[in-house]
Amino acid sequence: MAKQLLLIDGNSIVFRAFFAMHNQIDKFTNKDGLHTAAIYGFKLMLDHVLANFHPDAALVAFDAGKVTFRTKMYGDYKGGRSKTPEELTEQLPYVRELVKDSGLHSYELKGYEADDIIGTLAKEGDDAGYETLIVTGDRDLTQLASEHTTVAVTHKGVTDTEHYTPEHVQEKLGITPAQIIDMKALMGDTSDNYPGVTKIGEKTAIKLVKQFGSVEGIYENIDKLKKSKMKEHLIEEEKIARQCKTLATILRDAPVEIKLADLEYKGPQTEKLIDFYQKMDFQSFLKKMAVSPDDQDTETAPIEYTELTADNLDLVAKLGDRGSFYLEMPDPNYHTSPFAGFALGNDKQWLVSRDPELLKTPELKSWLTDSKIKKDVFNAKAQIVGLNRLGIALDGIDFDLLLASYLLNTNDNSNDLGKLAHEHGYDDVQTDEEVYGKGAKRAIPDDDQLFFQHLANKARAIEQLRPQLFEQLKKNEQLPLYTDIELPLTQVLAKMEITGVHVDAQTLKNMGSKLTERLTEIEEQIYQEAGEEFNINSTKQLGKILFEKLKLPVIKKTKTGYSTAVDVLEKLAPQAPIVENILQYRQISKLQSTYIKGLLKVIHSSDQKIHTRYLQTLTQTGRLSSVDPNLQNIPVRLPEGRLIRQAFVPSHEGWQIFSSDYSQVELRVLAHITGDHNLQEDFKNGEDIHASTARRIFHLKPDQEIDRNMRRRAKAVNFGIVYGISDYGLAQRIHVSRSQAHEFIQNYFKEFPKVKDYIHNTIEFARQNGYVETITHRRRYLPDINAKSFSRRSFAERTAMNTPIQGSAADIIKIAMIKMQDELEKRQLKAKMLLQIHDELVFEAPKEEIPVLSKLVPDVMDSAVKLSVPLKVDSKYGDTWYDLKK
DNA sequence: CAGCTCACG
DNA sequence: ACGTACGTGAGCTGT
């Protein structure tokens with residue numbers, strides 16, 4: 001077998017590793033405060049590569065300083081790059097140490113980049129009959145692919161790689177590896193900062209290269225090109241194109257002194273590695289090395305447990321004043337899930353059982369309800385609701401692993417305890433999938449040993465992770481967010497979910513039959529107009545009818561075919577009566593399937609109520625979401641849909657529905673966090689904000705009237721600002737030209753200069769820190785903020801400015817909910833909080849309490865936090881959710 | 001299971 | 001040259 005050569009592009013892998021883990025940057029520091037994410041990532045990559053590739057020779061190439069023959073040739077080469085963060089550079093010496101201890105050679109060459117070293121050695125390898133694997137984070141190296149050289153480019157993280165062979169390059173780009181150089185010469189490279197030829201991007205570059213073979217080929221045949229702007233640019237910029245080609249070409253003959261024979265791979269030096277991992281605090285790698293190399297899989301540290309029975313319940317009281325508790329509910333819907341078993345305890349003793357009935361015994365019940373005994377759990381709300389079904393009021397919750405993880409990183413929201421624990425570097429617990437299986441095979445194991453071990457492992461994981469997570473919350477200044485907002489909110493949400501909302505099934509059924517009739521009528525008309533029967537719900541079949549059979553103009557396409565979305569159909573409506581009918585059909589069938597049938601399915605027969613679940617650890621902004629069913633998107637905008645709300649009624653005779661909502665809360669938050677004087681003044685003066693925005697951006701005189709169209713446009717601009725505006729997007733929405741939209745935005749920024757500053761500063765903050773935060777220090781990491789891809793980066797920039805606004809608004813209503821629940825209980829009101837819909841709270845209450853709520857709820861809501869502008873709250877009430885009036 | 005469409009703030 | 005406004009959940013079709 002041919003000898004194998006491994007060449008690693010050190011700098012690019014380190015970069016990739018660093019940025020891939022940037023959103024967990026704080027998790028990766030050792031005792032001395034050294035950041036270790038890049039080192040860790042590099043090690044992961046190394047393990048991954050060596051698992052599949054067994055090199056005889058191996059080398060990691062590094063860049064040597066900034067000055068290379070390329071910068072000498074072209075001063076701006078790699079210019080304009082932001083400085084490498086200190087957190088990364090400090091890791092480089094340790095990466096080299098890791099490389100050495102892992103038995104690989106490293107090498108750098110003054111005046112040359114790592115690429116050139118790799119290019120040169122790969123060529124030597126090719127000539128000497130080696131099979132070569134190049135590992136890099138840089139796509140440019142794919143130009144080195146050959147029959148015996150494969151280039152593995154890391155994708156998302158550092159272990160996910162795409163292997164480029166000449167065939168793969170051909171498949172993806174339609175050109176040879178060598179022609180990648182020509183392509184890059186023409187299109188330029190923004191990250192290396194050389195320009196290429198004006199107006200030529202990837203598509204055009206590939207086309208030209210395919211046609212003429214190379215940059216040189218193009219200029220030999222330049223006369224064959226038709227007269228065009230592109231041709232002019234090519235001629236004008238010939239010198240640049242040829243120079244860029246040199247810049248893009250990786251050297252195959254750099255003066256590398258090291259020889260292949262010097263690169264023998266000897267394997268890792270175990271003892272040095274152990275020392276190194278200890279220095280880095282890499283516990284998981286250390287653990288793997290300690291166990292025998294052939295079974296280092298998913299084994300967890302063994303755990304001793306005691307099965308709890310009616311005869312040994314005295315063990316519970318001996319646990320002391322703190323312990324983990326875990327009640328296993330195999331279905332995600334904890335309102336209805338069966339109970340499979342539970343575990344509790346602490347490092348002194350772990351107690352487990354399959355029998356939920358034991359929880360009702362005095363010994364366990366008093367342990368669970370005693371507020372002085374601190375409990376650590378995973379998903380407190382699920383545990384509270386589950387235990388409530390057994391008649392037990394869980395109290396004394398101190399640590400919720402799920403909630404804390406989510407606050408530290410909104411992406412850590414897996415409902416699987418095992419997965420989440422692994423995210424935090426704790427491996428002594430398996431995932432549910434590993435123990436229970438997945439899909440149809442998923443089941444609680446019959447084997448007691450297996451099941452109890454898993455339960456005990458979960459309880460232990462919670463306990464073990466608590467100090468570490470509290471420490472991180474503290475470091476992020478998030479302890480008050482956890483202690484004073486999210487954890488108390490869990491209790492409030494649990495109460496709302498348990499209360500549920502009364503829904504009258506008969507009302508829904510009556511509406512349903514009417515809708516069915518209308519649906520049949522419309523269906524017949526559509527079939528007649530189409531001249532055949534087809535499935536109207538199928539966008540594919542509908543597209544065929546509209547755009548092929550009826551030959552209507554195609555306005556928009558989706559990835560898979562014709563778009564038939566509302567905005568498209570609205571444009572087509574004047575041209576064919578069928579379109580109006582389809583729109584009608586869509587509207588009604590949506591009501592029928594999602595709201596009539598959907599809601600009927602989830603009314604509990606025991607109490608005629610719907611019990612939604614609020615997901616507290618899902619959204620990236622800090623909002624809640626609602627599932628099974630979603631009660632945050634019950635129709636309201638269109639009159640036909642709004643009728644659904646007639647079915648939402650109070651649960652007692654003589655009660656009413658009461659609702660309060662924040663007015664323009666996001667724009668008020670914007671005024672507050674930007675500190676913009678004009679915006680703040682408008683709110684302080686109690687202006688109609690869209691109208692006053694119109695007055696400002698359209699430069700109206702004080703006595704001039706604001707017509708509805710102006711207000712509508714100004715409102716769209718306000719929304720746009722909050723969402724991260726683009727002139728194109730605004731133009732689409734309010735049907736004006738792009739340049740007009742551009743002008744509106746410019747005017748806005750002139751009138752509200754601090755809003756402009758805010759956008760700029762927030763994006764800059766995100767670039768520096770990798771995250772943004774709300775008024776309560778809720779965090780969202782934005783790994784794409786420094787992405788090369790324009791669209792990914794732009795998206796991250798829009799989220800960077802939107803998240804603090806949407807998220808702070810979410811913070812405000814959460815605080816209001818906690819205070820509100822507190823007031824209801826303190827005043828011993830019968831009223832119940834039922835729903836939260838982002839800026840609105842819905843209650844049910846006896847008629848007599850309506851006057852109390854009319855004052856209390858707005859008072860609590862508008863004083864929830866003190867902003868530099870007033871918060872405004874509007875209230876309504878009525879006999880059903882439909883009939884709300886001021 | 002992904003993609004489309006549409007309900008809400 | 002990119003591909004367009006932020007955050008969600010659910011039902012349906014078709015691979």
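No hydrogens, no waters, no symmetry mates; every other heavy atom, side chains included, goes into these values. Lettering follows sequence order; numbering is per chain, from 1.
- For A:Arg586, the side-chain atoms get nearest to B:dC6 when compared with the rest of C:dG7, B:dC6, C:dT4.
- Taking only distance into account, the side chain of A:Arg637 never meets the base of B:dA7 through a donor-acceptor pair shorter than 3.5 Å.
- Considering only the side chain of A:Ala716, C:dA5 comes nearest among C:dG7, C:dA5, C:dC12.
- Here OG of A:Ser513 is found 8.5 Å from CD1 of A:Ile596. Values are rounded to the nearest 0.5 Å.
- Taking every heavy atom of both residues into account, A:Leu552 and A:Ala576 meet most closely at CD2-CB, 4.1 Å.
- Considering only the side chain of A:Thr539, B:dT5 comes nearest among C:dC6, C:dG7, B:dT5.
- Aromatic ring pairs are classed by plane angle as parallel below 30°, tilted from 30° to 60° and perpendicular above 60°; the pair A:His604 and A:His611 is perpendicular.
- For the pair A:Arg738 and A:Tyr728, the cation-pi test (distance below 6.0 Å, angle within 45°) is failed.
- Side-chain atoms of A:Ser538 stay outside donor-acceptor range of the base of C:dT13, with no qualifying N/O pair under 3.5 Å.
- Among the nucleotides C:dG14, C:dT4, B:dT5, the one closest to any side-chain atom of A:Gln541 is C:dG14.
- Closest to the side chain of A:Asp628, out of C:dA10, C:dA5, C:dT13, is C:dA10.
- Side-chain atoms of A:Gln632 stay outside donor-acceptor range of the base of B:dC8, with no qualifying N/O pair under 3.5 Å.
- Of the candidates B:dT5, C:dG7, C:dA5, the closest approach to any side-chain atom of A:Arg733 belongs to C:dA5.
- Taking atom CD of A:Gln836 as the reference point, atom P of B:dC8 lies 17 Å away to the nearest angstrom.
- When rounded to the nearest whole Å, the span between CD of A:Gln664 and C1' of C:dC6 equals 16 Å.
- The side chain of A:Ser794 contributes no N or O atom lying less than 4.0 Å from OP1 or OP2 of C:dG3.
- Proximity of the aromatic rings of A:Tyr748 and A:Phe744 is defined here by a centroid distance below 6.0 angstrom, and this criterion is not met.
- Separating the P atom of C:dG3 from that of B:dG3 is a span of 15 Å, rounded to the nearest Å.
- A straight line from CG of A:Asn630 to P of B:dC6 spans 17 Å, rounded to a whole angstrom.
- Ranking C:dG7, B:dA7, C:dG3 by closeness to the A:Gln806 side chain, first place goes to C:dG7.
- Taking 4.0 Å as the cut-off between side-chain N and carboxylate O, A:Arg767 and A:Glu797 count as a salt-bridged pair.
- Distance A:Leu546 CG to B:dC4 P: 17 Å, rounded to the nearest Å.
- When the nucleotides B:dA7, C:dA10, B:dG9 are ranked by their closest atom to the side chain of A:Val627, C:dA10 comes out on top.
- Of the candidates B:dA7, B:dC4, C:dC6, B:dC4 carries the atom nearest the A:Lys559 side chain, counting heavy atoms from C-beta on.
- When both distances must be under 3.5 Å, the Watson-Crick or G-U wobble mate of C:dA1 does not exist.
- For A:Ser726, taking side-chain heavy atoms from C-beta onward, the closest of the listed nucleotides C:dT4, B:dC8, C:dT8 is C:dT4.
- A:Arg798 has a side-chain polar atom (N or O) that falls below the 4.0 Å cut-off from OP1 or OP2 of C:dC6.
- Taking atom C1' on both B:dA2 and C:dA5, the two are 24 Å apart, rounded to the nearest angstrom.
- Separating the CG atom of A:Asn633 from the P atom of C:dG11 is a distance of 10 Å, rounded to the nearest angstrom.
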